[in-house]
Amino acid sequence: MPKDRGLRELYEQDPIVADEIVFGRRTGPDRRGFLKGAGLAAMGTVLGAGIPFHRSMPAGLIPAALADSTDDVVIEGKTGLRVLNDRPVNAETPAHLLDDDVTPVAHYYIRNNGVPPDNTRAEGWRLTVDGEVHQALNLTIGDLADRFEVVTLRLQHECGGNGRAGFNPPASGNQWTTGAIGNAAWTGVRMRDVLDAAGLKDSALYTAHHGADTHLSGDPAKVPISRGVPMWKAMDPHTLIAWQMNGQDIHPMNGAPLRILCPGWPGSTSQKWLTRIQVRDVVHDGTKMTAPSYSVPYHSVQPGAEVAKADFKIIESMPVKSLITYPRSGMTLPEGHRALRLRGHAWSGDDTVTAVDVSHDFGATWTRATLSAPPNPYSWQRWEAELSFPTRGYYEIWARATNGRGRQQPFIPPWNPKGYLNNAMHRIAVMVAA
Ligand SMILES: Nc1nc2c(c(=O)[nH]1)N[C@H]1C(S)=C(S)[C@@H](COP(=O)(O)O)O[C@H]1N2
Ligand SMILES: [Mo]
């Protein structure tokens, strides 16, 4: 299957070719391939369910679910997401669906670089810890739960490319708007405790994370993604190896049965379908670890500029950011109503947010929001504010968070070649009827 085209796109452009790719080539005059293997799995993902009678599906048939709906790709267990791509699956959450303090699994974004493994069952899953350690470990999820303290933390987890759609000139890649962020309650063990049990050698410098997903090309020698973090971040007590999300098994698209949560850092450091943590004596150089992947120029550059590989640094802590999660953009205040209570969340990489301000006059004046402390470090924080509107008409509400180091969200964040770290102030539209 062409690497850069999803099934839906393929079916729209050329259903016969798509069908041949998905069903396999005819092997004789009256024979045709069955929907099987990767084709069956991909089709199931797009349709949101397996196809029990797939052996009876005629070749050349566009599944009705694909023919009928133009927007909504159904992903089992997910609702309301905006799907950017179905191969690999990438889907973001509209801001108004991020209103809960704990992001529901159904609304949690998905960012896949490859093809998720078929088997995501906890039974039999094993995690290897090796490399620069005194005692390599090979553990089941049961072993993890038995041997180490089990903790539950709410953790903000945002894709490094969130906001890419806002850059000009545009950067290639998934055109995320604001929705590649979530704050679920993750249950698991501290990566630190596991690394301590393995015993770090003095040479330990960086982790290398490995998962069970496979490359889009189908080439087993290729890896979709393998990133890591410096030892100090791996040893932070909020960096987890988790097997539950909001008290349930992790959703298959979010890395079941085991994943890393490396909160406050680019989402890509939080390996899904985790099989191995390798401790290295060099900065990890796995797939998407080296520039320009998940890297930005050391110094700001002119929009559109070419940047030499040597001038990139690996993204670590994510920047200060906030979302307005109520109201939904485009809402009309009913007649006679001039006041509006707004709310949202704010977060800031390894830091804490200390203030959120909102404006209804394009930034001319600002109103300080009330801001809650995070329930635990690395959770996003709830803010609320009340605004009143002087007259009827179209308003924009802007929100701007400030972190403990005095850093604020900009209006126009620095352009960079791959479109990372767009932490522009969130804006929504509100109409006041009369
Ligand atoms: N094994 C594996 N882990 C992965 C990825 C992946 O494609 N494969 N994507 C990464 C990226 S880029 C992000 S932003 C997060 C997304 O996590 P989510 O899909 O649970 O929201 O997972 C990261 N971990
Ligand atoms: Mo990401």
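Note that the structure is predicted; figures quoted are calculated from it, not measured. Remember, it's 1-based here, ligands and their atoms both numbered in the order they're listed.
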Under 3.5 Å, which donor-acceptor pairs link side chains of residues 260-271 to any protein atom two or more places apart or in another chain?
| residue | atom | partner | partner atom | Å |
| --- | --- | --- | --- | --- |
| Trp265 | NE1 | Asp350 | OD1 | 3.2 |
| Trp265 | NE1 | Asp350 | OD2 | 2.9 |
| Ser268 | OG | Arg227 | NH1 | 2.7 |
| Thr269 | OG1 | Pro266 | O | 2.8 |
| Ser270 | OG | Cys262 | N | 2.8 |
| Gln271 | NE2 | Ile225 | O | 3.1 |

**Study point:** Tyr378/His157 aromatic ring centres below 6.0 Å
**Key:**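 That pair fails the under 6.0 Å test.
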Review point. Taking the six-membered ring for Trp, are Phe312 and Tyr298 ring centroids under 6.0 Å apart?
Key: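 They do not qualify: ring centres at least 6.0 Å apart.
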Practice item. May I have the step-by-step check of salt bridge (charged side-chain N to carboxylate O under 4.0 Å, His left out) for Lys272 and Asp213, ending in yes or no? Key: CA-CA 8 Å; Lys272 303 193 281 188; Asp213 46 340; over 6 Å; no
Check your understanding: Do the side-chain N and O atoms of Asn138 and Thr128 include a donor-acceptor pair separated by under 3.5 angstrom?
Key ->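 Looking only at side-chain atoms, Thr128 and Asn138 do form a donor-acceptor pair, the distance falling under 3.5 Å.
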Review point. Protein residues near ligand 1, heavy-atom distance below 4.0 Å?
Key: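 Ligand 1 is contacted, at a heavy-atom distance under 4.0 Å, by Tyr108, Tyr109, Ile110, Arg111, Asn112, Asn113, His157, Cys159, Asp213, Ile225, Met253, Asn254, Arg259, Gly267, Ser268, Ser270, Gln271, Lys272, Trp273, Tyr294.
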Check your understanding: Salt bridge check: are Arg427 and Glu396 linked by an N-O gap of less than 4.0 Å?
Key ->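 A salt bridge links Arg427 with Glu396.
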